[in-house]
Novice: 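Got a structure for you, written out below as structure tokens; questions coming shortly.
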2 protein chains.
Amino acid sequence: MPDSPAAPDFSAQLRSAALRVTQPRVAVLAAVHEHPHASTDALIDAVRGTLPDVSHQAVYDSLHTLTAAGLVRKIQPSGSTARYESRIGDNHHHVVCRSCGAVADVDCSTGHAPCLTASQSHGFVIDEAEVIYWGLCPQCSTAV
Amino acid sequence: MPDSPAAPDFSAQLRSAALRVTQPRVAVLAAVHEHPHASTDALIDAVRGTLPDVSHQAVYDSLHTLTAAGLVRKIQPSGSTARYESRIGDNHHHVVCRSCGAVADVDCSTGHAPCLTASQSHGFVIDEAEVIYWGLCPQCSTAV
DNA sequence: CTCCTTTTCTTGAATGAGTCAAGAAAAGGA
DNA sequence: TCCTTTTCTTGACTCATTCAAGAAAAGGAG
């Protein structure tokens with residue numbers, strides 16, 4: 001009996017990724033969905049909202065596992081601790097505020113796996129192009 | 001009397017940036033030029049090659065100062081510690097090996113401040129687009 | 001050239017995100 | 001329901017980076 005029809009079925013996501021369904025993992029997955037771009041610390045707090053006694057380690061482990069399984073994506077702009085998001089597989093990018101660290105999503109404008117074409121690859125086999133736009137968020141740029 | 005005509009004049013660079021010319025700073029600047037994309041740790045070692053008794057703190061301070069002055073650029077791909085390079089002001093990007101962490105430069109292919117155009121800026125005032133290409137370096141991709 | 005003020009460097013301790021490790025508990029197939 | 005494997009808890013630990021206080025060096029003034 002699904003109690004929240006609108007919410008994605010996290011258990012099913014875990015199962016289809018061949019992962020065991022555990023309370024911490026479901027809670028972490030839910031937290032990442034609820035708080036896009038949240039830091040590990042913020043996620044630990046969020047998870048403890050529903051599961052008061054999870055260890056930080058369980059959250060770290062879950063995040064690693066979920067990231068490895070591709071259910072969650074880890075981003076880590078310079079000067080920031082690790083952040084996670086649930087929007088995956090659509091090759092989108094991020095804008096990061098230099099002042100407050102706020103993060104927002106940006107779709108890939110150029111259309112076709114755009115930035116994936118490096119001018120010289122130096123023999124590297126490239127599989128992903130990560131783009132981070134740096135600047136100031138509305139609040140910080142207004143606060144002169 | 002310049003003893004190394006080919007080498008950039010680091011003292012002059014410091015002076016024109018209105019920074020005091022100190023041995024640690026000159027040595028750090030030289031080390032960054034000699035070892036592009038080196039980690040802080042590697043730079044500390046390099047600097048101690050010429051200045052055996054510098055404290056790690058002096059190197060950290062110098063790197064901060066030089067970065068703030070724009071004489072050096074800091075890059076920090078996910079999962080890596082801080083790295084520094086002396087190639088600045090030409091808006092180039094990087095390829096990073098997922099396996100060994102090797103870094104190489106990539107010029108901006110699209111020509112005109114390319115990636116600087118985000119599709120939706122969410123009200124952010126964007127001043128820089130940072131691109132990191134992820135993949136495997138020649139050695140790591142060959143070592144099957 | 002010498003003095004004085006300011007900036008920078010040394011030394012040593014502290015912070016904090018993230019990891020490691022051993023045993024206890026939970027998941028899920030037999 | 002039992003058993004094996006995976007995952008979680010607990011608690012210690014690592015390592016890049018930062019903080020802080022005093023000592024030393026830089027460089028302009030005289």
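Hydrogens, waters and symmetry mates are skipped; everything else that's a heavy atom, side chains included, is used. Lettering of chains follows the sequences in order, A, B, ..., and the numbering in each one begins at 1.
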Novice: Do the two ring centres, one from His33(A) and one from Phe10(A), sit under 6.0 Å apart?
Specialist: yes
Novice: May I ask you to check whether His93(B) and Glu130(A) show a side-chain donor-acceptor distance below 3.5 Å?
Specialist: no
Novice: Side-chain contact, heavy-atom cut-off 4.5 Å: Gln13(A) with Leu29(A)?
Specialist: yes
Novice: Given that Arg20(A) and Val59(A) both sit by DNA chain D, which one's nearest nucleotide is further toward the 5' end?
Specialist: Arg20(A)
Novice: Please verify the inter-ring angle class for His37(A) with His94(A); under 30° counts as parallel, over 60° as perpendicular, anything in between as tilted.
Specialist: perpendicular
Novice: Tell me what Thr22(B) touches on the nucleic acid: a base, only sugar-phosphate, or nothing, going by heavy atoms under 4.0 Å.
Specialist: sugar-phosphate
Novice: Give the intermediate values and the outcome of salt bridge (charged side-chain N to carboxylate O under 4.0 Å, His left out) for residues Asp107(A) and Arg87(A).
Specialist: CA-CA 11 Å; Asp107(A) 288 323; Arg87(A) 197 178 148 188; 2.4 Å; yes
Novice: Reading DNA chain C 5' to 3', what string of ( ), [ ], | and . shows its pairs, if Watson-Crick and G-U wobble pairs count only when both distances fall under 3.5 Å?
Specialist: ||||||||||||||||||||||||||||||
Novice: Is there a side chain to side chain contact (heavy atoms under 4.5 Å, CB included) between Val103(A) and Val95(A) once you walk through the steps?
Specialist: CA-CA 6 Å; Val103(A) 178; Val95(A) 218; over 6 Å; no
Novice: How do Arg25(B) and Gln23(A) order along DNA chain C: which one's closest nucleotide is nearer the 5' end?
Specialist: Arg25(B)
Novice: How about Cys137(B) and Cys100(B): do any of their side-chain heavy atoms sit closer than 4.5 Å?
Specialist: yes
Novice: Taking NZ, NE, NH1 and NH2 as the nitrogens, is one of them in Arg98(B) or Asp127(A) under 4.0 Å from a carboxylate oxygen of the other?
Specialist: yes
Novice: So, Asp9(B) and Arg15(B), do they make that salt bridge, N to O below 4.0 Å?
Specialist: no
Novice: Taking N or O atoms only and anything under 3.5 Å, show me the protein contacts with nucleotides 12-19 of chain D, one pair per line.
Specialist:
unit_1	atom_1	unit_2	atom_2	d
dT17(D)	OP1	Ala82(B)	N	3.2
dT17(D)	OP2	Thr40(B)	OG1	3.3
dT17(D)	OP2	Tyr60(B)	OH	3.1
dT18(D)	OP2	His64(B)	NE2	3.2
dT18(D)	O4	Gln57(B)	NE2	3.4
dC19(D)	N4	Gln57(B)	NE2	2.3

Novice: I'd like the 5' and 3' limits of the part of DNA chain C contacted by chain B, with heavy-atom contacts below 4.0 Å.
Specialist: dT6(C) to dG12(C)
Novice: Thinking salt bridges, do Asp53(B) and Arg48(B) make one under a 4.0 Å N-O criterion?
Specialist: no
